[in-house]
Novice: 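Below you'll find the structure I mean.
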Amino acid sequence: MVMQWAEAMGVPDSERNRWLRAVWLHDAMRDASSEELNEWASSSPGPVELKHGPASAARAKAEGEVDRGVLDAVRYHSLGLAEWDMVGRVLYCADYLEPGREAQADERADMARRFPRDSGGVLREVARARVARLVASGWPLPEPTVRFWNSLFARAS
Ligand SMILES: [Fe+2]
């Protein structure tokens with residue numbers, strides 16, 4: 001999916017490679033045990049589901065990834081980050097829109113098709129869905145998520 005987006009949006013190879021690295025790295029620790037997650041993401045508070053991003057980023061860094069945008073994309077892919085460059089935005093959307101999830105498959109496929117023409121609009125739709133899910137979980141909203149949300153929906157007043 002990210003390959004198709006990169007092609008449709010005409011991004012240079014170097015940028016496409018950043019997107020692909022983020023996608024490749026982001027779930028490296030998704031199936032890790034909670035001991036491993038705590039070891040790699042000891043300073044990240046919150047439920048264990050929110051630790052695999054920071055843990056995957058720590059591991060990517062240990063294995064030589066130096067691109068700050070790629071590391072921030074991986075680290076915050078479950079939360080969002082106001083300061084993200086395009087890599088973070090692409091990963092946040094791709095992670096949610098990736099085929100294979102059953103719920104709202106048609107809607108997701110449509111959003112994935114629209115991403116190259118309207119990445120900002122699709123990013124806001126994905127944020128609405130993902131933040132709604134976080135709210136429904138009953139956990140307090142992490143601070144990076146609040147700032148990310150406000151950066152997407154800030155209105156000139
Ligand atoms: Fe993930």
Side-chain angles (χ1 to χ4, degrees), residues 1-32 46-57 59-61 63 65-139 141-157:
M1 177 162 50
V2 163
M3 284 281 260
Q4 286 155 1
W5 289 352
E7 202 161 308
M9 294 168 83
V11 305
D13 286 357
S14 56
E15 179 66 5
R16 189 184 57 194
N17 285 340
R18 299 176 74 223
W19 298 7
L20 292 173
R21 292 211 303 285
V23 169
W24 171 252
L25 294 167
H26 85 284
D27 272 340
M29 302 290 283
R30 188 172 56 184
D31 301 320
V48 80
E49 308 90 85
L50 295 183
K51 289 198 180 213
H52 75 276
S56 298
R59 195 162 146 184
K61 198 172 176 187
E63 284 169 7
E65 178 60 60
V66 292
D67 186 313
R68 177 72 193 269
V70 171
L71 292 171
D72 277 348
V74 171
R75 180 170 183 84
Y76 291 99
H77 80 270
S78 308
L79 300 180
L81 186 72
E83 293 79 11
W84 266 343
D85 64 14
M86 200 58 193
V87 195
R89 291 156 186 261
V90 163
L91 177 58
Y92 186 78
C93 291
D95 190 33
Y96 181 74
L97 297 175
E98 151 184 72
R101 300 187 191 232
E102 287 293 312
Q104 291 118 35
D106 292 349
E107 211 181 314
R108 285 169 198 257
D110 176 63
M111 286 159 81
R113 263 193 303 276
R114 280 189 288 121
F115 187 87
R117 305 180 245 127
D118 183 20
S119 57
V122 171
L123 176 65
R124 283 188 293 274
E125 287 174 55
V126 170
R128 276 200 194 94
R130 293 188 70 156
V131 172
R133 212 156 55 178
L134 205 53
V135 168
S137 76
W139 277 84
L141 286 178
E143 193 255 332
T145 304
V146 174
R147 287 196 304 109
F148 175 61
W149 176 267
N150 289 345
S151 75
L152 294 181
F153 293 96
R155 299 223 159 76
S157 54

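Owing to the predicted nature of the structure, the values given are computational and were not obtained by experimental measurement.
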Novice: Classify the angle between the aromatic ring planes of Trp5 and Phe115 as parallel (below 30°), tilted (30 to 60°) or perpendicular (above 60°).
Specialist: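 Parallel: the ring planes of Trp5 and Phe115 meet at under 30°.
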
Novice: Quick one: does Asp67's side chain get under 4.5 Å of Arg18's, heavy atoms only?
Specialist: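 They are in contact (side-chain heavy atoms under 4.5 Å apart), so the answer is yes.
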
Novice: Could you walk me through whether Val87 and Glu15 pass side-chain contact (heavy atoms from CB on, under 4.5 Å), step by step?
Specialist: CA-CA 8 Å; Val87 195; Glu15 179 66 5; 4.2 Å; yes

Novice: Just so I know, are the side chains of Arg114 and Glu125 near enough to count as touching, which here means a heavy-atom distance under 4.5 Å?
Specialist: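 Arg114 reaches Glu125 side chain to side chain.
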
Novice: Would you call Glu83 and Arg147 a salt bridge, taking side-chain N to carboxylate O under 4.0 Å as the test?
Specialist: yes

Novice: May I ask you to decide if Gly80's main-chain N or O and Thr145's side chain share a donor-acceptor pair within less than 3.5 Å?
Specialist: no

Novice: Mind listing the closest non-hydrogen atom pair of Gly88 and Ala73 along with its distance?
Specialist: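 Taking Gly88 first and Ala73 second, the nearest heavy atoms are CA-CB, 3.5 Å.
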
Novice: State the CG-CD distance between Leu97 and Glu107, to the nearest 0.5 angstrom.
Specialist: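 Between Leu97 CG and Glu107 CD, I get 10.0 Å after rounding to 0.5 Å.
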
Novice: Give me the atom names and distance for the closest heavy-atom approach of Ala112 to Met1.
Specialist: CB-SD, 3.7 Å

Novice: Could you check if a side-chain atom of Met111 sits within less than 4.5 angstrom of a side-chain atom of Gln104, using non-hydrogen atoms only?
Specialist: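 The answer is no; the side chains never approach within 4.5 Å.
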
Novice: Can you tell me if Asp106 has over 12 outside heavy atoms packed within less than 6.0 Å of its CG?
Specialist: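 For Asp106, atom CG is not crowded (no more than 12 foreign heavy atoms under 6.0 Å).
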
Novice: How long is the gap from NZ on Lys61 to OG on Ser56, to the nearest 0.5 Å?
Specialist: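 Reported to 0.5 Å precision, the distance equals 14.5 Å.
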
Novice: Tell me the closest heavy-atom pair linking Asp85 and Gly69, and the distance in Å.
Specialist: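 Distance-wise, the nearest heavy atoms are OD2-CA, 3.7 Å.
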
Novice: Indicate yes or no for a side-chain donor-acceptor contact from Asp27 to the backbone of Arg30 under 3.5 Å, with no hydrogens or angles considered.
Specialist: no

Novice: Surrounding CD of Gln4 (heavy atoms of other residues, nucleotides or ligands, distance under 6.0 Å), is the total greater than 12?
Specialist: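 Open: at most 12 neighbouring heavy atoms sit under 6.0 Å from CD of Gln4.
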
Novice: Any chance you could measure Phe148, atom CZ, to Leu141, atom CG, to the nearest 0.5 Å?
Specialist: 12.5 Å

Novice: Sub-3.5 Å donor-acceptor pair from the side chain of Trp149 to the main-chain atoms of Ala127, do we have one?
Specialist: no

Novice: Would you indicate whether the side-chain heavy atoms of Asp110 and Arg113 approach each other to under 4.5 Å?
Specialist: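 Yes, at least one pair of side-chain atoms sits under 4.5 Å.
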
Novice: Are any of the side-chain heavy atoms of Trp19 and Val11 separated by less than 4.5 Å?
Specialist: yes

Novice: Looking at every heavy atom in both Pro142 and Leu79, which two are closest together, and how far apart are they?
Specialist: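 The pair with the smallest heavy-atom distance is CG-CD2, 3.6 Å.
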
Novice: Roughly how far, to the nearest 0.5 Å, is the CG atom of Leu152 from the CZ atom of Arg128?
Specialist: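 If I round to the nearest 0.5 Å, the distance is 9.5 Å.
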
Novice: Has Arg130 got its NZ or CZ under 6.0 Å from the middle of the six-membered ring of Tyr96, at an angle within 45 degrees of the ring axis?
Specialist: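 Here Arg130 fails the 6.0 Å and 45° test against Tyr96.
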
Novice: Could you tell me the separation between the NE2 atom of His77 and the CG atom of Asp72, rounded to the nearest 0.5 Å?
Specialist: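 Between atom NE2 of His77 and atom CG of Asp72 there are 13.5 Å.
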
Novice: First locate atom CZ of Arg21, then atom CD of Glu65, and finally report the distance between them rounded to the nearest 0.5 Å.
Specialist: 4.0 Å

Novice: Tell me the closest heavy-atom pair linking His26 and Val74, and the distance in Å.
Specialist: CA-CG1, 3.8 Å

